[in-house]
Amino acid sequence: MNTDVITTPAVLILLGPPGAGKGTQARMLEDAFGLVQLSTGDLLRAAVAAGTDAGKAAKAVMEAGGLVSDEIVIAILRDRLGEADCAKGVILDGFPRTTVQAEALDKLLSETGQKINAAVSLDVDDAAMVTRISGRYTCGNCGEGYHDTFKTPTKAGVCDKCGSTDFKRRADDNAETVGQRLAAYHEQTAPLIAYYSDKGVLKSVDAMGDIDAIAKALGAIVETATT
Ligand code: AMP
């Protein structure tokens, strides 16, 4: 679609509580703009699965719905940002989640001469998030997101995108843990809305509606912020 629009490595941040649709929208922006989705949640789940030291330290915290230490997350993010494909520009999904992480990101970007094009807040009602999260699952092969109520595959049990019949649900997508994750968001991540507003890069999107309408609103923000 619009892969020629972006001329310098863009840095976009998606802010919002768990269930706001950050991952879904990041993947759509990846396809539309040729950017790379960088999800610290995905990176941490991979570290847990691989049994690395960082993964071992993160596992219990993630299962309880808390935030993994800034030190571990910043190190993982720094390593991933340094990989060649990120030179195309990145959409940060789930990072930063604390002021310490936001300041570390500013420092990392200043070292490479990059800047944040936009931090977009996906605005949602908390009450709806538990339903959204407890019904969601992804294709085990390509990562396409689905939901028991809001987005089922066209052919039951077969991924629309890649045809795989392997689906998975996240261990922390249960009602109990979601409450903790929402609390962590409000206590530690929501203050970043003011942080990015003060920097003049904050944008907001009403993220309660239709996925495609939200993607359109986000796409317009990305085009403006990157040209
Ligand atoms: P997510 O996939 O973004 O919902 O993240 C899943 C879990 O990974 C979170 O509930 C946290 O335990 C952990 N996590 C992901 N990103 C971060 C971050 N930036 N800082 C701290 N913990 C994180």
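Just follow the structure's listing: the first ligand is 1, and inside any ligand the first atom is 1. These numbers come from the heavy atoms of this one structure, side chains and all, not from hydrogens, waters or symmetry mates. Note that this is a predicted model, so its numbers are computed, not measured.
Within 4.0 Å of ligand 1, protein heavy atoms come from T40, G41, L44, R45, M62, G66, L67, V68, V73, G94, F95, R97, Q101, R170, D172, R181.
Within a 6.0 Å sphere centred on NZ of K161, heavy atoms belonging to other residues, nucleotides or ligands number more than 12.
Qualifying salt bridge (Lys or Arg N to Asp or Glu O under 4.0 Å) partners for K151, counting only residues two or more places apart in sequence or in other chains: E144. For the ring pair (Phe, Tyr, Trp, His ring centres under 6.0 Å) test, residues two or more places apart in sequence or in another chain that qualify with F150 are H147. Checked against salt bridge (Lys or Arg N to Asp or Glu O under 4.0 Å), R78 has no partners two or more places apart in sequence or in another chain.
Residues L43 and L105 are members of one and the same hydrophobic cluster, defined by side-chain heavy-atom contacts under 4.5 angstrom among Ile, Leu, Val, Met, Phe, Trp and Tyr.
Under 4.0 Å is where a charged nitrogen must lie from a carboxylate oxygen, and between D210 and K216 no such pair does.
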